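Order of the sequence lines fixes the chain letters, A, B, ..., with proteins taken first and strands second; residue numbering starts at 1 for each chain. The model shown is predicted, which means the values in this text are computed figures rather than measured ones.
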There are 2 protein chains.
Amino acid sequence: MSRNRLRTVASAATVLKTFTASRPDWGVSDLAAHLGKSTSSVHRILSTLADEKLLEQDPETGRYKLGLALFDLAAAVPSQRTLQEAVLLPMTDLRNTTRETVQVGVLDGRHVVYVERLDSPHSLRFFSEFGRRADAHCTSTGKALLAYTPTSRLDRLLKGWDLPQRTEHTIIAHSALRAELKRVRRRGFATNRHESAVGVVSIAAPIRDQRRTTVAAISVAGPAERFDEHQDSIAQAVTHAALAASRRLGFTVAA
Amino acid sequence: MSRNRLRTVASAATVLKTFTASRPDWGVSDLAAHLGKSTSSVHRILSTLADEKLLEQDPETGRYKLGLALFDLAAAVPSQRTLQEAVLLPMTDLRNTTRETVQVGVLDGRHVVYVERLDSPHSLRFFSEFGRRADAHCTSTGKALLAYTPTSRLDRLLKGWDLPQRTEHTIIAHSALRAELKRVRRRGFATNRHESAVGVVSIAAPIRDQRRTTVAAISVAGPAERFDEHQDSIAQAVTHAALAASRRLGFTVAA
DNA sequence: CAGCAACATCCCGTATAGCGGGAAGAACTA
DNA sequence: TAGTTCTTCCCGCTATACGGGATGTTGCTG
């Protein structure tokens, strides 16, 4: 943490981040109690953020919630723009080939953030999962990204990382995860077989840029029964799409 | 603007909002010049926001961009959650019926913010347009929302609103817009025929909640040539989907 | 229906956080 | 190699932000 920080801005950021999907609205008093601050201070932060449209206040109840200005900001997150352009056609091709949901994710610490998505024609999924974050250790996207994370950085991530067990198939031992990541590097793709949730299977491959750095991963996900029959061909299609996307980011195959 | 505001927080919000799709990254010096502040002050704000993951700094160039924490916040915006659940099946049905892209939007002042989307099976569109905002006066979604905006509020919006002309078909006169909104109320749906962009046609209908308040609109959009043949049946499907979504929000048809 | 509780909002005295000038260090360019 | 541009940091000064407590509103309960 930088020494030269603005504590009022940090407090306001903390306030913003207290609004979550599971706790979408707060009153002045209960937020003050939650944060251990006075109602005066919290009220000032909330009304300032509301003036800036980052929050909204329900005029009937007086409670605050996140505001629409956040959509504008989320839509402007730039690293995904270059990535978006690169994955446009490969994602569409992959979706049309596999008829399944296709996603692109990036690593954020011990999580995956899904930044792009194309629904399968017969999927009920929605944009609401845009920006969704998931565990890195038990998703194919996460494992595809961790597999190519520099060793020193992976060591730092693993230190103190008590891998959450999501299903009975979830890898929870560091040694097992390291072995699995080695297997991912050998095969060139990662799989998730009921590790993040029972019934969910996915395959992911890394997307690299012109410096050969893995910057994202592309995946196909669906219910297990549709995958088991065609895993080899899906894996091939995913690695093909990942290479196509990589090429568009300037990656060249070694001679 | 509230008198009781935190100017450091307001400055930080201004900094965040300076990052846009068209200007996705800033250095300390050029942002300071842009905002008329000293580099010391701007640097402190930027590094504090980076500590909070709302911004990221490129370690090679020193320039700042928006951070991934914004996805978490955008995904947690609550008013869309209830709406999402309500529009789930109606959107899917509408997409399957029309084979076109389906969106749900809400009004934000003189703009529409698209908060849900389902791509047509043959669309190249992507999540990058999630949260996209568009003019209200020349989109079917916008007109469907403005048509049911209380008169006093519509008057306030129109006052000083110089309607931007996007194509030769765009409504730019207040009187013409009022007449058009009357027509929307009479027909129960709104249309956009090359008004927001040449070649783009869409049809939208209002979604109401249990208090009979119009809270969102659902629309189908596509290229003009696919719409012209089936406008009546598409309009019927859209109004049907809007009613289904409304019912799920507790709306009941008057006896 | 009156009293009470809970909440948001606001005022004001105090002190500390934040401001900007300017210096230091790094990287780039002519 | 010197000059330029940029980011980062230090420090004195002052204006902002803090929290206690008061006020007003709304809803609940006996």
Side-chain angles (χ1 to χ4, degrees), chain A residues 1-20 23-67 78-79 210-211 213, chain B residues 1-20 23-67 78-79 210-211 213:
Chain A
M1 183 179 290
S2 175
R3 188 175 303 123
N4 189 17
R5 73 195 261 106
L6 296 168
R7 71 183 266 177
T8 313
V9 172
S11 296
T14 298
V15 162
L16 270 182
K17 289 187 272 184
T18 314
F19 293 82
T20 61
R23 191 70 185 266
D25 70 287
W26 291 86
V28 177
S29 302
D30 51 13
L31 183 57
H34 179 81
L35 296 175
K37 288 180 176 291
S38 72
T39 57
S40 307
S41 303
V42 169
H43 179 255
R44 259 194 311 274
I45 293 175
L46 289 170
S47 60
T48 304
L49 291 171
D51 287 340
E52 305 294 335
K53 302 285 193 89
L54 294 170
L55 291 179
E56 288 175 17
Q57 184 182 29
D58 186 320
E60 292 189 357
T61 63
R63 296 175 77 79
Y64 289 81
K65 61 185 185 181
L66 290 168
S79 54
Q210 78 283 4
R211 292 177 294 172
T213 304
Chain B
M1 184 181 293
S2 174
R3 190 174 301 121
N4 189 18
R5 72 197 262 104
L6 295 167
R7 73 180 268 177
T8 313
V9 172
S11 295
T14 298
V15 162
L16 269 182
K17 290 186 271 183
T18 313
F19 292 82
T20 59
R23 190 72 184 265
D25 70 287
W26 291 85
V28 178
S29 301
D30 52 11
L31 183 56
H34 178 81
L35 297 176
K37 288 178 176 288
S38 71
T39 56
S40 309
S41 303
V42 168
H43 179 254
R44 259 192 311 273
I45 294 175
L46 289 171
S47 59
T48 305
L49 291 171
D51 287 340
E52 303 296 335
K53 302 288 193 86
L54 294 171
L55 290 178
E56 289 174 18
Q57 185 182 27
D58 185 321
E60 292 188 356
T61 63
R63 296 175 76 80
Y64 290 81
K65 61 185 185 181
L66 290 170
S79 54
Q210 78 284 2
R211 291 179 296 170
T213 305

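Residue Ser29(B) is in base contact, counting any heavy-atom pair closer than 4.0 Å across all strands shown.
Using modelled atom types, one side-chain atom of Lys17(A) and one backbone atom of Glu52(B) make a donor-acceptor pair closer than 3.5 Å. Formation of a donor-acceptor pair under 3.5 Å by the Thr8(B) side chain with backbone atoms of Thr8(A) is not found in this model.
Counting only heavy atoms from C-beta outward, the side chains of Arg44(B) and Val9(A) never approach each other to under 4.5 Å. Between Arg23(A) and Asp30(A), the closest side-chain pair of non-hydrogen atoms falls below 4.5 Å. Using a 4.5 Å cut-off on side-chain heavy atoms (C-beta onward), Val42(A) and Trp26(A) make no contact. Residues Tyr64(B) and Leu49(B) fail the side-chain proximity criterion, which asks for heavy atoms closer than 4.5 Å.
We find that CG of Asp51(B) is positioned 11 Å from P of dT8(D), with the value rounded to whole Å. Put simply, CG on Leu46(B) is 12 Å from P on dC19(C), counting in whole angstrom units. Rounded to whole angstrom, the span from the CG atom of Asp25(A) across to the C1' atom of dA8(C) amounts to 15 Å. Atom CH2 in Trp26(B) sits roughly 12 Å away from atom P in dT7(D) (whole-Å rounding). The CG atom of Asp30(A) sits 15 Å away from the C1' atom of dA5(C) (whole-angstrom rounding).
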- Message: Let's test your reading of the pairing rules: Watson-Crick or G-U wobble, both distances under 3.5 Å, then write DNA chain C as a dot-bracket string with ( ), [ ], | and dots.
- Response: ||||||||||||||||||||||||||||||
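Here the CG atom belonging to Leu6(A) is positioned 8.5 Å from the OG atom belonging to Ser41(B), to the nearest 0.5 angstrom. Taken to the nearest 0.5 Å, the CD1 atom of Ile45(A) stands 8.0 Å off from the CG atom of Leu35(A). Interatomic distance, CG of Leu46(A) versus CG of Leu54(A), reported as 12.0 Å (0.5 Å rounding).
Within the 4.0 Å cut-off from OP1 or OP2 of dT9(C), at least one side-chain nitrogen or oxygen of His43(A) is found. Put simply, Gln57(A) has a side-chain N or O that comes within less than 4.0 Å of OP1 or OP2 on dT9(C). Applying the 4.0 Å criterion to OP1 and OP2 of dT9(C), one finds that Tyr64(A) has a side-chain N or O inside that range.
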For nucleotides 28-30 of chain C, tabulate all protein N/O to nucleotide N/O atom pairs closer than 3.5 Å, reporting atom names and distance.
none

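Heavy-atom minimum distance, Gly62(B) versus Gln57(B): O-NE2, 3.0 Å. Contact between His34(A) and Thr18(A) at its shortest, heavy atoms only, is CD2-CG2, 3.7 Å.
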- Could you encode protein contacts along nucleotides 17-25 of chain D as a string, one character per nucleotide from 5' to 3', using B for base contact, S for sugar-phosphate-only contact and - for no contact, with a heavy-atom cut-off of under 4.0 Å? SBBBB----
